[in-house]
Each structure stands twice: as structure tokens, then as C-alpha cells.
A.B. asks: 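One structure, as C-alpha cells, below. Some questions next.
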Amino acid sequence: MTQHLAGRAQPNGDPTETVTISQPEWWRHAVIYQVYPRSFADGDGDGMGDLVGIRRRLPYLAGLGVDAVWLSPFYASPQADAGYDVADYRAIDPMFGDLHDADALIRDAHDLGLRIIVDLVPNHSSDQHEWFQRALRQGPGSPLRDRYHFRPGKGVSGELPPNDWESIFGGPAWTRTPNPDGTPGEWYLHLFAPEQPDLNWDNRAVQDEFRSLLRFWLDMGVDGFRIDVAHGLVKAAGLPDTGSHGQLRLLGTEVLPFFDQDGVHEIYRSWRKILDEYPHQRIGVAEAWTPNAARTALYVRPDELHQAFNFHYLNTPWEAEALRRVIDSSLDSMRPVGAPTTWVLSNHDVVRHLTRLGGGLERARAATLLMLALPGSAYVYQGEELGLPEVTDLPDDVRQDPAFFRRGSDPDASSDGQDGLRDGCRVPIPWTAQGDSFGFGDGGSWLPQPAQWGKLSVEEQTGDPSSTLELYRAALAIRRTHPALGAGDRVEWLAAPEGVLAFRRRASDGSTMVCAVNTTDMVVGAADLLTPAGRLLLASGRYPGGGVLPADTTVWWAE
């Protein structure tokens with residue numbers, strides 16, 4: 001698989017001049033677009049998104065101006081958790097296509113100047129994975145059981161779980177299995193759904209298998225991996241009790257015996273060596289929920305991964321002081337390890353930021369321009385460039401989030417984002433103003449789309465200078481060409497009225513830009529700040545000038 005990138009497409013899909021993938025450390029300032037394959041584009045008319053659909057829409061992504069596309073799982077899977085339960089890591093699930101489709105997608109993306117990052121799910125497999133099925137058949141004492149966490153239960157006859165760990169989806173993190181003769185047997189660990197048994201990373205076969213998997217997909221031509229539950233692979237020795245109920249409320253606040261254990265870092269050192277063997281800067285990105293930015297930084301030391309998701313920023317409210325604190329702490333934590341900070345507002349597991357932040361479309365647009373003005377790499381979740389809100393009124397009978405089906409029996413299952421309602425951010429996106437699925441495909445859509453989404457479609461917004469889509473296109477074009485945007489590792493804060501964030505960005509060539517953000521719901525006047533020498537680059541909403549900044553508005557200037 002060649003790693004040459006032919007020209008980047010214009011919004012109409014026409015290629016421009018040829019560039020190559022060997023740009024220095026592209027990942028430090030990249031804008032990466034997340035595609036949730038089920039919900040992006042349906043190429044075969046069965047109501048489910050697929051690789052053919054994604055491939056056909058690649059010119060749109062190139063024209064949008066992103067640098068790379070991250071694909072959520074497309075592996076062979078029973079789909080108990082939307083593909084995050086993998087039965088075969090080297091095969092494509094038939095609902096998405098086959099390996100030929102994956103190869104064609106990667107090649108086309110490279111021809112358009114786009115890199116491809118794929119999801120890797122190393123914390124757990126599907127319970128239909130060959131290893132797990134053989135372990136069940138062979139019973140206690142089988143060497144295959146050591147590839148997972150099988151344990152005898154507590155109690156007189158082993159009727160109680162081995163410890164007090166709880167599933168992220170609610171209920172205990174253990175399920176009891178029958179012995180081959182039908183009698184009650186051992187329990188196995190699953191920090192997520194019962195269909196997702198956790199792998200034992202102390203086992204050499206597990207380690208060897210995933211190193212082989214890295215090479216398989218790197219040889220296919222992928223440019224990197226987003227590592228699912230990167231913080232969860234290693235469990236504390238002896239699997240000790242936590243001593244608390246409602247453990248979900250502790251996620252991201254302290255180190256737990258099943259998350260963010262120091263042993264994970266040796267795994268990523270071994271993976272970095274493999275990534276570095278391949279040309280053109282293949283990368284690893286950690287989905288790591290940690291207590292603080294300093295612990296997140298441990299995943300991106302020079303000999304480990306390249307990026308880690310900044311969930312502390314995602315979870316910050318729309319308040320100037322809170323945002324300034326998290327921006328400072330994020331940059332300060334990454335600077336000593338020489339890694340870029342990442343910024344993200346939405347993804348497939350959280351409420352879309354237009355809905356989550358409150359304040360409507362104006363606030364969502366302002367948040368986007370703030371994110372894109374910060375130093376480091378930014379992530380865009382499919383449909384946020386259209387200003388899509390969270391769909392909050394899906395009928396119960398169409399929902400597919402596995403956590404949804406456990407909410408009734410466990411009140412704690414609704415805490416910390418795993419509330420069973422993640423389908424609301426996964427509704428297929430609209431491409432056209434008309435049609436039974438607004439251009440998603442010829443066979444409807446696997447989740448119902450709101451009737452008003454035609455007005456938010458790509459077709460409806462393209463060419464409208466006031467639309468959210470054209471705002472994203474303009475912002476990404478400016479970010480690509482202005483040297484003070486994206487690169488670097490610091491901001492220079494400027495004096496500003498209460499509720500306003502203002503900072504300057506300096507490029508190595510001496511050029512500068514200023515970003516000002518009004519997080520309040522009132523017009524703010526600050527003539528000295530808001531009339532800098534230079535020219536207006538972009539505003540998230542109507543900007544009248546005259547030394548005033550409208551509510552929920554972000555403005556960029558070039559000095």
C-alpha cells in the first residue's frame with residue numbers, strides 16, 4: 001500500500017496540486033474527522049452505513065478540509081455493542097463490506113490527501129471470538145482461559161462474583177459460566193457488556209496477537225490507530241475489591257484497580273516500536289479516561305503513543321474561567337512530554353455539544369472556533385459541521401445501546417455518560433434536503449432521523465455563507481494556511497472583560513492572530529480588545545464590529 005497522497009480535493013471534489021504524506025509530524029496539528037460507519041453513508045441500500053458509502057463520500061471530507069479520517073469499528077462482530085465486540089480483528093463485518101472495500105477506501109483516501117485511522121479494541125473481544133468459545137468448551141484449567149479473566153466465585157459453592165467490580169454498562173462486571181458438563185462453573189470479567197469479555201494482558205499470546213494485528217492493518221496502509229479503552233488493559237494484581245458501590249461515579253477522578261494502571265505503558269512502548277518501523281509517521285491515539293491531565297500525559301511520552309483524547313476539555317462547561325483553567329492545565333501537562341494537546345467537543349459516546357453546552361447553535365459554533373484556535377490537534381465528530389443536535393426523543397423500541405437494556409435493573413447504570421441513551425448522537429446524518437433518509441441511502445436508516453433534518457443537510461447548507469457547514473469549511477481553510485493556528489504548545493492570554501476569553505497565538509515566523517470568545521449571554525463591550533490592528537479572519541456569528549462582541553460568539557483576527 002503506497003503512502004503517497006495525491007491532491008486535496010476542493011469542496012466540489014476536484015483535486016488540487018499533489019502533496020505527499022511525509023509532512024513533518026502531521027499529527028501535531030491535524031484536524032481528524034470521526035466517521036461512525038453505521039451512520040455516515042449507506043452504499044448498498046440496506047439502511048446501514050458501510051465502507052462503500054464512506055468511500056463515495058470521501059471527496060466531501062477532503063473538501064471540508066480535514067487531515068485524517070478516524071473510522072469507528074468495522075470488524076466482524078455480533079454487534080452487541082455496535083462493533084466494539086470484535087469476533088475477528090482481521091475481517092470486515094459483512095454489514096460494512098469486506099477487505100477489498102477497506103483496501104479501496106484506504107487507497108481512495110490517500111489519493112485525496114486524507115489519512116485513515118482505524119479503531120483498535122484491545123481491552124476485550126466478543127464472547128463469540130474463537131479464543132473465548134474454545135475456552136468455554138475446554139473448561140477450567142484450559143490454557144485458553146488464561147487469555148481472559150476466568151475466576152472461581154466466592155461463597156460456599158462459588159455463587160458470588162470473584163470481586164465487587166461493576167460494569168460500565170451497569171450491574172456486576174462478572175458473569176458465571178456453565179462447565180462443559182452443565183454444572184455451574186467459573187466467572188469471567190467484562191467491564192462492559194457480558195458479550196465483551198476482558199482480555200488478560202499478562203498473557204503472552206494476547207500480547208503477541210495484538211502486535212500481529214498492528215502489522216496486519218499497517219500493511220494494509222492505515223495511518224494509525226485509535227485505541228479503545230486504552231486505560232483499561234492492565235488490572236491490579238490479584239483483582240482486589242474497590243470497596244465501594246457506584247464505581248462509575250469514580251471514573252476519571254481516581255485510579256481504580258481496573259483502569260489507568262501503570263502497567264499499560266509498557267504495552268504502548270512495544271507498540272510504538274512497531275509504529276516507528278513503518279514510514280510516514282503512523283500514529284497511536286489513546287482513548288484514556290484518567291483522573292487528571294498529568295496522568296493523561298503519561299500515555300504520550302516520547303516512546304509511547306502520539307496523542308490522547310482530552311476528555312477533561314470535553315467535560316468542561318461553557319464558562320470562561322473553567323475553560324481557561326482546563327486549557328492551561330492541558331497545555332502545561334503535555335508540554336513536558338513534548339506531545340500535542342488534543343481538543344474534542346463531541347463523539348459517538350457523548351451528547352452532541354450543540355445540545356450538551358446549551359445555548360443553541362450560536363454557542364456550538366462559538367465553541368468550535370475556540371477549539372480550532374487552540375494549539376494542537378482537533379477532532380470533529382460526523383455531523384457536528386452541520387450543526388446537528390442530539391436526538392433526544394428516539395422511541396425505546398429502536399434503541400440499540402446495550403446499556404439502555406440494563407438501566408431498569410440498575411440505577412447506577414445511568415451515571416457518567418453510560419446512560420444507555422448514546423443512540424441519540426448516532427442517528428444517520430442528512431446529505432440531501434429530500435428523501436426518506438435525506439440521502440443517507442436508498443433503504444431508509446437504521447435509526448429514525450428527525451423530520452426537520454433536511455434543512456440541516458449538506459445539500460441545503462452548501463453555498464450558504466451563513467451556514468454551519470460553510471463556517472467549518474472556512475475555519476479549516478484558514479487553519480490550514482495561517483501559521484499561527486494549530487501549531488505550537490501555548491497561548492498568550494490577554495486582558496478581557498468578565499466572561500470573555502482572549503488570547504494571542506504566535507507562529508515561528510512571527511505572524512500572530514487573536515481569538516476572543518464571549519461565553520456570556522449578553523453583548524460585551526471591550527473597545528481596546530475588540531478593535532486590534534489587523535484584519536478580521538472569521539466570526540462564529542454576526543459580528544458588528546465597533547468594539548462589541550455579541551453573546552456566544554468567537555472572533556478570529558490576524559494582526
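Not measured: the values here are computed from a predicted model.
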A.B. asks: I want to check a possible cation-pi pair here: R57 against W431, using under 6.0 Å from ring centre and within 45° of the ring axis as the test.
C.D. replies: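 Cation-pi check for R57 and W431: passes.
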A.B. asks: Can you list the residues that meet the side chain to side chain contact (heavy atoms under 4.5 Å, CB included) rule with V350, with sequence neighbours excluded?
C.D. replies: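 Side chain to side chain contact (heavy atoms under 4.5 Å, CB included) check on V350 returns L314, N347, R356.
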A.B. asks: Which residues pass the salt bridge (charged side-chain N to carboxylate O under 4.0 Å, His left out) test with D521, not counting sequence neighbours?
C.D. replies: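 Scan of D521 (salt bridge (charged side-chain N to carboxylate O under 4.0 Å, His left out), adjacent residues dropped) gives none.
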A.B. asks: Would you mind writing out the side-chain donor-acceptor pairs for residues 387-395 within the sub-3.5 Å range, not counting sequence neighbours?
C.D. replies:
unit_1: E390; atom_1: OE1; unit_2: R352; atom_2: N; d: 2.9
unit_1: E390; atom_1: OE2; unit_2: C425; atom_2: N; d: 3.3

A.B. asks: For N163, what residues pass the side chain to side chain contact (heavy atoms under 4.5 Å, CB included) criterion, not counting sequence neighbours?
C.D. replies: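 Side chain to side chain contact (heavy atoms under 4.5 Å, CB included) list for N163, sorted by chain: W165, W174, L239, D241.
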A.B. asks: Quick one: salt bridge (charged side-chain N to carboxylate O under 4.0 Å, His left out) partners of E287, sequence neighbours excluded?
C.D. replies: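 Counting only residues at least two positions away or on another chain, E287 forms a salt bridge (charged side-chain N to carboxylate O under 4.0 Å, His left out) with R226.
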A.B. asks: How would you list, by chain and number, every residue that makes a ring pair (Phe, Tyr, Trp, His ring centres under 6.0 Å) with W446, sequence neighbours excluded?
C.D. replies: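 By the ring pair (Phe, Tyr, Trp, His ring centres under 6.0 Å) rule, W446 matches no residue at all.
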A.B. asks: For the backbone of E459 and the side chain of T432, can you confirm whether one donor and one acceptor N or O come within less than 3.5 Å of each other?
C.D. replies: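 Checking the backbone N and O of E459 against the side chain of T432, no donor-acceptor pair under 3.5 Å is found.
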A.B. asks: Once side chain to side chain contact (heavy atoms under 4.5 Å, CB included) is applied, do any residues pair with D464, and if so which ones, sequence neighbours excluded?
C.D. replies: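 So D464 forms a side chain to side chain contact (heavy atoms under 4.5 Å, CB included) with S466, S467.
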A.B. asks: Only counting residues at least two apart or in another chain, list the ones meeting salt bridge (charged side-chain N to carboxylate O under 4.0 Å, His left out) with R325.
C.D. replies: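 Expected list: none.
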A.B. asks: Treating R301 as the side-chain partner and L298 as the backbone partner, does any N or O pair qualify as donor plus acceptor under 3.5 Å?
C.D. replies: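 Present.
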A.B. asks: I'd like to check the ring pair (Phe, Tyr, Trp, His ring centres under 6.0 Å) partners of F503; sequence neighbours left out, ordered by chain and number.
C.D. replies: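 Applying ring pair (Phe, Tyr, Trp, His ring centres under 6.0 Å) to F503 gives W493.
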A.B. asks: Please name all residues satisfying ring pair (Phe, Tyr, Trp, His ring centres under 6.0 Å) with H124, sequence neighbours left out, ordered by chain then number.
C.D. replies: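 By the ring pair (Phe, Tyr, Trp, His ring centres under 6.0 Å) rule, H124 matches F192.
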A.B. asks: Holding to salt bridge (charged side-chain N to carboxylate O under 4.0 Å, His left out), I want the full list of residues that pass it with R426, two or more places apart in sequence or in another chain.
C.D. replies: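 If we apply the salt bridge (charged side-chain N to carboxylate O under 4.0 Å, His left out) test to R426, skipping adjacent residues, the hits are D349.
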A.B. asks: So, for H348 and Y84, is the gap between ring centers shorter than 6.0 Å?
C.D. replies: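 Yes, ring centres under 6.0 Å apart.
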A.B. asks: Determine, using ring centers only, whether W70 and Y36 are less than 6.0 Å apart.
C.D. replies: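 No: the rings miss the under 6.0 Å criterion.
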A.B. asks: Please name all residues satisfying side chain to side chain contact (heavy atoms under 4.5 Å, CB included) with S445, sequence neighbours left out, ordered by chain then number.
C.D. replies: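 For S445 the side chain to side chain contact (heavy atoms under 4.5 Å, CB included) partners, ignoring immediate neighbours, are P428, S437, F440, Q449.
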A.B. asks: Given 3.5 Å as the limit, does a donor-acceptor pair link the side chain of S330 with the main chain of D328, or not?
C.D. replies: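 Between the backbone of D328 and the side chain of S330 there is no qualifying donor-acceptor contact (under 3.5 Å).
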